[in-house]
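First the structure, in the form of C-alpha cells, and then the observations on it.
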Number of protein chains: 2
Amino acid sequence: MFNNLAPETDSASAPTADASCPKEVIDMRKFNDSIPLKLLRAREATMAFFRPILQEIGLTEQQWRVIRALNEYEELESKQLADICCILSPSLTGIINRLEASGHIKRRKSTEDQRRMLISLTDEAKTMFAGVSPRLEGRYHAIADKLSAEKMALLHELLDEVINLEP
Amino acid sequence: MFNNLAPETDSASAPTADASCPKEVIDMRKFNDSIPLKLLRAREATMAFFRPILQEIGLTEQQWRVIRALNEYEELESKQLADICCILSPSLTGIINRLEASGHIKRRKSTEDQRRMLISLTDEAKTMFAGVSPRLEGRYHAIADKLSAEKMALLHELLDEVINLEP
DNA sequence: GACATTTATTTAACATATTAAGAGATCAGT
DNA sequence: ACTGATCTCTTAATATGTTAAATAAATGTC
C-alpha cells in the first residue's frame, strides 16, 4: 500500500508529523524530505538576501549571473557562458539580447570560427558592477555569519559532491 | 546536461588565476563559489536522476511536485499547495488548470470560505502515482548510495539550517 | 572535393518564475 | 449593518526554463 492517509478535516490537513506511519512504508520519505525540493528551498532562502538589491538595480538573477561571470572571465563564448551560469542556450539567447539592448554587454564574432559569438561587458557595466558588488558581498557575508563559517565550508564540500553525481 | 568548461580556443581569457589580485579583495569569492549557484547546480545534478522518468510519463517537475504533495496530504488549498511545493500562486494557477485538463486533479470550492479552492487527486492519478513512485524511489536511493547515507543526512541538516535563514 | 556528420547558435512552442494589479469573499471595528 | 482592511485566487506582462527542430559554419570521410 503506497497511499498514506493524511487526517481529514474540511479545508486543510497540516504537515502532520504522523507518528502512525506503518512499517511497510517506513522508508518512504515525506514530501519535505525530498533533496531536490530542499535544494530549491535553500536556494530561495539565500536569494532572499540578494533579491532586494538586484531588484533595486533592475536586473534579474540570471542577468546578474551573466554579468558576474563576464566580470570575472572578461570575454566568453555563448556556450561557455551557458555552462558557467547554468543557463540553457535558448534562455541565454534572450538574456544576451536584452543585456545588449540595455547597454550592459557587447558582442563580436570570432574571427577564426564564424559560429562563435564572443561576449564581454561594456565599460558602463563594469563600473556598475564595481559599485554594486560590495553590497552584495556584504549580504553574502551575512549568510556566512548566520550559518557559521564551518557549516558554510561543509556545505560547499557536500554540494560539490552532489554536483559531481551522475546517473 | 551542464558540462564543464570547454578548453579555450580563441582569445577568451581562462579563469584568470590572476596573481595580481590586491589584498583588499582577497576575500572576493570566485564565480563558482557562489552558494546560490551551487545550490542550483546541485539541484540540477539530482534532478538528472529523475528527469528521464518524468519525461517518460509526460509530467513536468512542478506538476509532479504538486501530484506528490496531493498524494501525501489528500486535499489541499491552492495556497497551501503553493507553500508546500515552493511554487508561487500565479504559476500554480496555470499548473492546476493543466493538471485538471489532463484529468490528474479535481477541484471544489470550500463550503465555509468561498475564496478557498480545494484540490485533490483523481483516482486515475492515484493509480498512476502508485505505479511510477517506486521507480522514482529507486532513483532516489541511487543518489543516497552514491553519496553515502551519512553525507546525505548531513546535507539534510545543513539545508534545513539554510532554509531557516532570514535576511 | 563532394558528402554526411558534428558543433554553435538561434527559433519555435509550451510551461513556469516573477512582480504588480485586479476581482471576490471574509473579517475587524465601529 | 457599513466601511475598510485583509485574504484567496486570478489575470496581465515580461523573463526564463525546457525540449525539439532549424540554420549555418566547421570537420571528418571517402
Side-chain angles (χ1 to χ4, degrees), chain A residues 11-12 36 40-41 43-44 47-48 50-52 54-67 76-83 85-102 104 107-119, chain B residues 1-3 5-10 12 36 40-41 43-44 47-48 50-52 54-67 76-83 85-102 104 107-119:
Chain A
S11 61
L40 181 60
R41 286 189 182 285
R43 186 178 140 73
E44 281 305 309
M47 282 311 302
F50 307 106
R51 222 183 285 274
L54 292 181
Q55 194 162 1
E56 200 176 301
I57 60 180
L59 291 175
T60 67
E61 295 177 32
Q62 295 85 348
Q63 290 169 347
W64 181 255
R65 236 185 294 158
V66 168
I67 289 176
L76 289 170
E77 297 171 15
S78 182
K79 195 193 177 191
Q80 293 176 311
L81 207 45
D83 288 339
C85 296
C86 211
I87 294 174
L88 295 174
S89 292
S91 299
L92 193 57
T93 295
I95 296 173
I96 292 300
N97 287 337
R98 284 179 283 272
L99 282 178
E100 187 185 32
S102 59
H104 289 90
R107 60 213 296 187
R108 70 182 180 94
K109 282 200 171 183
S110 169
T111 54
E112 306 172 359
D113 190 334
Q114 291 291 43
R115 293 171 301 183
R116 291 179 159 77
M117 185 70 70
L118 296 169
I119 304 158
Chain B
M1 181 172 291
F2 292 101
N3 298 325
L5 272 191
E8 303 291 334
T9 56
D10 198 314
L40 181 59
R41 287 188 182 284
R43 186 178 141 71
E44 280 305 311
M47 284 310 303
F50 307 107
R51 223 183 286 273
L54 293 181
Q55 196 163 359
E56 199 176 301
I57 61 178
L59 290 175
T60 67
E61 297 176 31
Q62 294 86 347
Q63 289 169 348
W64 181 257
R65 236 185 295 158
V66 167
I67 289 176
L76 289 169
E77 298 171 14
S78 183
K79 193 194 178 188
Q80 294 177 310
L81 207 45
D83 288 339
C85 297
C86 212
I87 294 174
L88 295 174
S89 293
S91 298
L92 193 56
T93 295
I95 295 173
I96 292 300
N97 287 336
R98 284 180 283 272
L99 282 178
E100 188 184 33
S102 59
H104 289 92
R107 58 213 299 187
R108 69 182 180 94
K109 282 200 172 184
S110 170
T111 55
E112 306 172 357
D113 190 334
Q114 292 292 45
R115 293 171 299 183
R116 292 177 158 77
M117 186 71 69
L118 295 169
I119 304 159

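Numbers restart at 1 for each chain; the letters A, B, ... are given by sequence-line order, proteins then strands.
Residues meeting the side-chain hydrogen bond (donor to acceptor under 3.5 Å, both in side chains) test with A:Q114, sequence neighbours left out: none. Scored by the side-chain hydrogen bond (donor to acceptor under 3.5 Å, both in side chains) test, B:R98 finds no partners at all (sequence neighbours excluded). Residues satisfying the side-chain hydrogen bond (donor to acceptor under 3.5 Å, both in side chains) test with A:E100, not counting sequence neighbours, are A:R107. Partners of B:S89 according to the side-chain hydrogen bond (donor to acceptor under 3.5 Å, both in side chains) rule, which considers only residues two or more places apart in sequence or in another chain, do not exist here.
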Each nucleotide of nucleotides 11-21 of chain C classed B (base within 4.0 Å of a protein heavy atom), S (only sugar-phosphate) or -, in 5' to 3' order, makes BB--SSBBBB-
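Taking only side-chain nitrogens and oxygens, B:R107 comes nearer than 4.0 Å to OP1 or OP2 of D:dT10.
Taken to the nearest 0.5 Å, the CD1 atom of A:I96 stands 6.0 Å off from the OG atom of A:S78. One finds the CZ atom of A:R116 at 9.0 Å from the CG atom of A:L118 (value rounded to the nearest 0.5 Å). Atoms SG and CD, on B:C85 and B:Q63 in that order, are 11.5 Å from each other to the nearest 0.5 Å.
We find that CG of B:D113 is positioned 11 Å from C1' of D:dC9, with the value rounded to whole Å. Rounded to whole angstrom, the span from the NZ atom of B:K79 across to the P atom of D:dT6 amounts to 14 Å. Separating the CZ atom of B:R115 from the P atom of D:dC9 is a distance of 9 Å, rounded to the nearest angstrom. In this structure, CD of B:Q114 is placed 15 Å from C1' of D:dC7, rounded to the nearest angstrom. Atom CZ in B:R116 sits roughly 16 Å away from atom C1' in D:dT10 (whole-Å rounding). Between B:E77 atom CD and C:dT26 atom P there is a gap of 13 Å when expressed in whole angstrom units. Rounded to an integer number of Å, the gap from A:M47 CE to D:dT16 P is 13 Å. As a whole-Å value, the separation of B:R108 CZ from D:dT8 P is 17 Å.
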Bracket string, DNA chain D, 5' to 3' - pairs by Watson-Crick or G-U geometry under 3.5 Å, | interstrand
||||||||||||||||||||||||||||||
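A salt bridge does not link A:E56 to A:R51: none of the charged side-chain nitrogens sits closer than 4.0 Å to a carboxylate oxygen. Using a cutoff of 4.0 Å between basic side-chain nitrogens and carboxylate oxygens, A:E77 and A:K109 are not scored as salt-bridged.
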